[in-house]
Amino acid sequence: MSLPDRLPILPLYDKVLLPSIVTNYMLSDAEAKHLIKNDFIVCIPLMKTPRGNTIAGLDDDLGRLYHFGCTAEILKVDQSLLGTTVLHVQGLCRSRVTDIVHEGTFFEALLTHHFVMDDDNGQEENGYNKNKACTSTKIYQETNEAQFHVLCKEYITRMQELGIADVILSQLTRSMENQPLPSIISLLLYLTESATFDDKLSALETVHYQQLLELGNKVVSCHLQTLRTSTEMQQTLEQTLDHHRREFYLRHQFHRIERKHNNHLVLPQQQLRSTRKNNNPYNIIFKTNNNTSNTNVTNLITSSNEDDEELADLVRQLNQANLPTYATSVVSRDLKRLRKLTPSTPESGILRSYLELVASLPWQQQSVTATTTYTDDVSIAVAQKHLDADHYGLGQVKRRILEYLSVIKVKKDLSPPILCLVGPPGVGKTTLARSIATALNRKFYRMSLGSIRDEADIRGHRRTYVAAMPGLLINGMRKCGVKNPVILLDEIDKMVQNSNQGDPAAAMLEVLDPSQNISFMDHFLNIPFDLSQVLFIATANSMESIPGPLLDRMEVVHLSGYTTDEKMHIARSYLWPKQIEAHGLGKMGITLSDSALLYIIEHYTQESGVRNLDRNMASLCRYRCKEYADMAEKSETKKLQQLQLSRSCPSSVLFSSNLKPKIEIDDIHVILGAPLYDFDMVDGEEAVPGVVFGLAYTQGGMGGILPIEVNQMPGRGRLTLTGSLGDVLKESAYIALSWIKSNAYALGLTASRKDELLSDMDLHIHLAAGAIRKDGPSAGITMVTAIISLLSGKSVPKTTAMTGEITLRGQIRAIGGVKEKVISAHRAGIERILLPATNQREVLQDVPENIRQSIKFIYCKSLWDAVEAIFDYDGLHTMKCSTRYTSHL
């Protein structure tokens, strides 16, 4: 029987028709109109993506046609359904598509037909005689055929086990006995669910008998392996379920027996304690008469005969945790609930995790200080040695910690303080808290509160929520393992307040209240937990963002910025040795001169801490490392030998080259570049009326001198303020001008009391560094002095600076940042400073002794004291200050 070489195309979506397969295709009448005119059609599958440029000039759908199809005979056409035509077709042979032509609005394919012949019996597919296909050796072919017959028999057996009807299996068996092997392979590929779309496409384009036989063996073997695995998994599952059923039944049986005998059933351990290793699937643990290993623990929570090994171990941990009485009752109730639940339920896992948390918390455990804190073994000297070794300066904080230890040594018991270290970044607040823990010999835990916006982060989530967790405090106590650690509440001023998820700052009120944290309640734990022995240390950069009630519960300790001398000492004793060791320059003899170090501090850093100073020192070490690396790559033998023997040779031998071991100021310019900051100095400047130096305090914790310039011009008495001034600073200027106008005659600025000052003149006040925002009340006394200096024509010496807040009646109020302001004035060359009288205590306590000896301090209670001190050298009588006005309120 010959087949046409040109046939209409029936595209198949996600389907593949193979030879000898009989099936139905449902089409619309319009689609089937052209197909039913022929006795034969070609069924070509459509690929999900086009196969390159297999057929040129076609649209996207035709480009997806596979290059092989199955020529089929139309057995029957059914048009009984309205608008629908059902084609009953039978696959005949494989056909390769050589080209596609148009036939009106339809497409037809030019084909080359291929028949796969069974060489064993000489039959062809469906009885059509064609040229025989390529074959391999006879022995290899017979082996594959025998393997395929074995797989077919196993396939029938598996189908019987799956419950396939006997009628269908008998038809399948007859087909396998009567049909040639290529037809059987096509039938099994069509019936096997594990055969993929790609496997069927491979079978469609396979025209050699031996290759088709190998493909059939592969697909059927994979399908049978899947059936075997599924059967084994089902058997294992049934065995497991059967074991659980028998375990559940046996446990309830023992429970009834135990209740019947009033819990007096005691059996030998070998008979009652069984494990899965002894082929006993029940894993039941019963009570025995053996004593526990920990004789000091009172077993307030009793185990049950129904407990498995994991639950019995959990009960033992709970007993060893020394739970208080109120916690024992809650845990016992939850244990009863856990025993009633099956292990597979989600609630069982939640309860088990909760009980594990309770068992791991330090209810009674204390660190080593538990044996030393409340005895006479507290060493104040050792604690002070630890604090001094880790930090330079910071006397106020160290004194407070030593006072706490001293009271403990005397009283034997004391609730720890709640400290809040407030200071600019980089002054060592976090490292100081760690040093305090080391000095007290306690465990340390850091809890970062920055950007915390959820109250549950502090108090924990309730167990009713999915993925509930304890709060940061309970989690920290669990990690520490003791009830008296040092907990650092880092960045407490960065907590988000009044968010839609609660207020974490309000949750901290209970934590930091000594009268309430003895029974802190975490939502997840839901048992009061004692935090009274915890030493809380909070850190903050500013107190402005800390709520008042929370701030009231803490003892605030201010950490000011380091002075230049303190930075020099820190750099020499800690920063420079650390960077030398970190960069492997310990044997190189690298040194840094004092002048170079001071130059770096003054011109490359402008901070209260030492972080940028540490980075600059790291840059120096990296530059030196690069120099040595460049020298090592050169071909000069002497330098290479010196580098290799650097650890055993003295530094003089190493530096016989052009490299200098000491870093000077000239090297700083090369390594770090141009200076970043210009240090303010007053030497060499000429004093002019209307220019006075004030003292400022920057946001970074540094002080500085701030020149205030005043000028006058013809006008109508207006006051102009420039220099990026804030509202408070502007108000100080208005107050200064008002006080001068009201006391103009006493100051000698007008001829009579009735004369108006600046009636035809405008006044302009400017503060330097206009790009920097300035605010604060401390510039009031400086503005008064500058205006008086301009109007009287009397200049103020450049070596004189002042700071202080003024009132409308001429009183001078206290200001802050005295230490930083005085130190910056000393570095700028100031020799005399005017300060409010109420700030004398800060000068004596905070300012170093060497600076106090080199500066003359004048303490003023009112503006009249300042005027007398500043303009006294020109003769006080010329300013008519005898009739001055002041306030005694």
Side-chain angles (χ1 to χ4, degrees), residues 14-16 18 48 143-144 146-173 175-176 184-203 213-254 273-285 306-314 338-353 356 466-467:
D14 297 330
K15 295 179 182 180
V16 178
L18 296 175
K48 295 181 180 179
T143 302
N144 286 335
Q147 181 182 359
F148 184 74
H149 284 296
V150 172
L151 293 176
C152 290
K153 292 179 181 180
E154 185 178 356
Y155 186 86
I156 297 296
T157 304
R158 293 294 179 183
M159 293 299 103
Q160 290 177 348
E161 294 176 356
L162 293 176
I164 304 299
D166 294 337
V167 178
I168 299 176
L169 290 178
S170 61
Q171 294 178 0
L172 182 61
T173 303
S175 299
M176 290 183 178
I184 298 174
I185 293 173
S186 299
L187 180 60
L188 291 180
L189 287 174
Y190 196 80
L191 295 177
T192 302
E193 295 179 356
S194 60
T196 62
F197 183 71
D198 292 336
D199 292 337
K200 296 177 182 179
L201 289 179
S202 299
L213 187 60
E214 293 176 357
L215 178 62
N217 284 335
K218 175 185 175 182
V219 174
V220 177
S221 298
C222 292
H223 181 65
L224 292 177
Q225 182 62 32
T226 303
L227 294 177
R228 296 190 201 103
T229 305
S230 177
T231 303
E232 292 174 358
M233 291 178 60
Q234 188 168 359
Q235 290 176 355
T236 304
L237 180 61
E238 290 178 355
Q239 291 178 358
T240 304
L241 292 177
D242 188 50
H243 289 167
H244 281 297
R245 294 190 194 99
R246 284 187 285 176
E247 183 179 354
F248 178 78
Y249 172 76
L250 193 57
R251 283 183 178 179
H252 278 269
Q253 197 173 32
F254 277 116
R273 186 181 180 91
S274 58
T275 62
R276 300 185 186 273
K277 296 181 180 180
N278 298 326
N279 296 325
N280 189 340
Y282 309 116
N283 196 21
I284 302 176
I285 301 176
E306 302 178 2
D307 296 343
D308 55 11
E309 291 185 358
E310 293 183 359
L311 190 56
D313 184 65
L314 180 59
L338 180 60
R339 290 184 179 118
K340 295 178 182 179
L341 298 173
T342 58
S344 60
T345 58
E347 188 177 359
S348 174
I350 296 175
L351 271 178
R352 189 178 293 271
S353 300
E356 289 175 353
V466 178

Who are the side-chain contact (heavy atoms from CB on, under 4.5 Å) partners of Asp14, not counting sequence neighbours?
Lys48
Where the side chain of Ser348 meets the backbone of Thr345, is there a donor-acceptor pair that is under 3.5 Å apart?
no
Closest approach of Arg339 and Leu311, non-hydrogen atoms and distance?
CG-CD2, 3.9 Å
By side-chain contact (heavy atoms from CB on, under 4.5 Å) - contacts of Ser353 (at least two apart)
none
Closest contact, heavy atoms only, Leu351 versus Leu338:
CD1-N, 4.0 Å
Glu347: what forms a salt bridge (charged side-chain N to carboxylate O under 4.0 Å, His left out) with it, not counting sequence neighbours?
Arg337
Does the pair Ser202 and Asp199 meet the rule for a side chain to side chain donor-acceptor pair (under 3.5 Å), with working shown?
CA-CA 5 Å; Ser202 299; Asp199 292 337; 5.3 Å; no
Kindly write out the residues that satisfy side-chain contact (heavy atoms from CB on, under 4.5 Å) with Ile350, not counting sequence neighbours, or none if the list is empty.
none
